[in-house]
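I have placed the structure first, in the form of structure tokens, so that the comments after it can refer back to it.
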Amino acid sequence: MDMITAVRGFKDILPQETGKWRYIEETARNIFSDFGFREIRVPILEKTALFKRSIGELTDIVEKEMYTFLDRSDEYITLRPEATASIIRAYLEHSMYSADPVAKLFTIGPMFRRERPQKGRYRQFHQINVESIGLDDPRIDAEIILMLTQYLERIKIADVELQINSLGCTTCRPDYRKKLTLFLRGKENDLCEDCRRRISSNPLRILDCKRKNCIHAIENAPKTLDFVCPGCNEHFAKLQEFLNIFGIPFVINTRMVRGLDYYTKTTFEIVTESLGAQNAIAGGGRYDGLVRDLGGPDVPGTGFALGCERILSLVPFKDDDFLLSPDLFIAAIGDDAEKLSFILCNRLRLRGVKVETDYAGKSLKSQMKKSDKLKCRFTLMLGKKELMEKVAVLRDMQSGIQEHLTIDDFEDIIVKKLQERK
RNA sequence: GUGGGUGUAGCUCAGCUGGUCAGAGUGCCGGGUUGUGGCCCCGGAGGUCGAGGGUUCGAUCCCCUUCACUCACCCCA
């Protein structure tokens, strides 16, 4: 019979890795909480229409990367390729704007995109998502970027670069789009097939096409920043001012457009050199029209997503750094000792002591080996001799020092010893 | 979706363009100490050499197909 394996691009996160995962998740929760963001948990399955309307029909994500299925009730549903749409949906569905026009939310969980897997790219991957809804002040853009850079610093990720850009708003973008289209009309023959298609569908995407010919062809293309309206210009200038106040280094990348249609004004990415082709570890921006497009009030929003797998491959910690070793191993020899060991072991666990033992009836030597392998701090040896005298031998596994303890007092003594060392 | 690379023990990998090539290290289990871990020594278990077909007297090795993994393109976290 063939072995059933995990679905391509889907990965198990094994016990030795979950310590790191919890660490980056908990650190995020702590920092985000300091900044006033609250955790929200939204479904991983949504009606397909939600993503089509928010991300954009003509984006790569919607055109070819979504896991979309026909549900039994003849409705199309999709495993979420990103979280922003779901969060806005929840924000609207629960009328969160009526309690407070400003909502600062984050969520952590799996996303799904059906791309060809490679380094740093999986079909199920995890993101930490932050959304601030209801504020258009550039201070909030700066604030979430500060929070993001702080987070990366806290988890010891260095050598990253913050890139920012502004895409303009509904007033100035159409103008820019026209000018860009006009410029591109003369270059059709120099562009790749995809980009030729994009001239009419999504000309801005051409700006960050990675093909050499396209890059060359648009060298002198008009830049968004030269055409944004005074309002957008000021917004972008203030963002930079605020980033400077906190000494956050950044570079302006006029080519950064990003693959989701809903972005306006601020966009940004955190990129690294040490991740191969998938160099973005976080990305986001402002989406002032999205809430309205999803049927809600006309309120602005801004946010970002962090790729957990990519963060984890950069974090300088080892799996073992998060290893939780038992406090005590109880090695028992003989039936009576084994019975006592079973009782002691579980009574201590109920008192919050991490205890391991072995029910396989092995030799003392092999139980000692196991204790050593588990990196237990102490080993308690219980044998026939000890039982008769109602004592047990407690061995400190680092120093090798052993002491005899009366069995009746043992529980209290070990609890006390462990408290001292903490 | 399109390319390249790689598939041999749980893991990391040797294996001479075909003839004791079914191997090492590590991990696991046991012994050396019949009641004491780490270091050392010894032993053991564990493989249809990814799968299927072909060439050949003979294939882990050569050819074809297929699958998986991986890196890159594309795109993004």
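Every chain is numbered from 1 and lettered A, B, ... according to where its sequence line falls, protein lines coming before strand lines.
Between A/Arg258 and B/A77 there is a side-chain N or O to OP1 or OP2 distance below 4.0 Å.
One N or O donor and one acceptor, one from the side chain of A/Arg310 and one from the base of B/C76, sit under 3.5 Å apart. Side-chain atoms of A/Gln118 and base atoms of B/C74 include a donor and an acceptor less than 3.5 Å apart. Side-chain atoms of A/Arg121 come within donor-acceptor range of the base of B/C74, with a qualifying N/O pair under 3.5 Å. A donor-acceptor contact under 3.5 angstrom links the side-chain atoms of A/Gln402 to the base of B/U36. On a pure distance criterion of 3.5 Å, a polar donor-acceptor pair joins the side chain of A/Lys365 and the base of B/G32.
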- Task: Let me see the working for A/Val228 and A/Phe236 under side chain to side chain contact (heavy atoms under 4.5 Å, CB included), right down to the final yes or no.
- Result: CA-CA 10 Å; A/Val228 293; A/Phe236 193 54; over 6 Å; no
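In this structure, A/Asn279 reaches the bases: a heavy-atom distance under 4.0 Å links it to at least one base atom across the strands shown. Looking at heavy-atom distances under 4.0 Å, A/Lys385 makes contact with a base. If you check every strand for non-hydrogen atoms under 4.0 Å, A/Ser366 touches sugar and phosphate atoms only. No contact: A/Glu193 has no heavy atom under 4.0 Å from any strand. Contact annotation for A/Gly283: backbone-only contact, meaning every heavy-atom pair under 4.0 Å involves sugar-phosphate atoms and none involves a base. Residue A/Arg198 is classed as a sugar-phosphate contact, given heavy-atom separations below 4.0 Å to backbone atoms only. Contacts of A/Leu260 with the nucleic acid, taken as non-hydrogen atoms under 4.0 Å apart, involve only primed sugar atoms and P, OP1 or OP2. Residue A/Phe329 is classed as having no contact, given no heavy-atom separation below 4.0 Å to the nucleic acid. A/Lys369 comes within 4.0 angstrom of sugar-phosphate atoms only, judged by non-hydrogen atoms across all strands, and of no base. As judged by a 4.0 angstrom heavy-atom cut-off over every strand, A/Ile281 is placed among residues touching the sugar-phosphate backbone only.
Across all strands shown, B/C73 is found opposite B/G1 as a Watson-Crick or G-U wobble partner, with both distances under 3.5 Å. Nucleotide B/G35 is matched to nothing when pairs are restricted to Watson-Crick or G-U wobble geometry with both distances under 3.5 angstrom. When Watson-Crick and G-U wobble pairs are counted only if both distances are under 3.5 Å, B/U12 pairs with B/A24.
For the pair A/Lys11 and A/Tyr122, the cation-pi criterion (under 6.0 Å, within 45° of the ring axis) is not fulfilled.
The side chain of A/Val393 lies closest to B/G35 when the candidates are B/G32, B/G35, B/G1. Among B/A77, B/G30, B/U36, the nucleotide with an atom closest to any side-chain atom of A/Lys362 is B/G30. The side chain of A/Arg395 lies closest to B/G38 when the candidates are B/G35, B/C71, B/G38.
Side chains of A/Gln127 and A/Asn129: a donor-acceptor N/O pair is present below 3.5 angstrom, by distance only.
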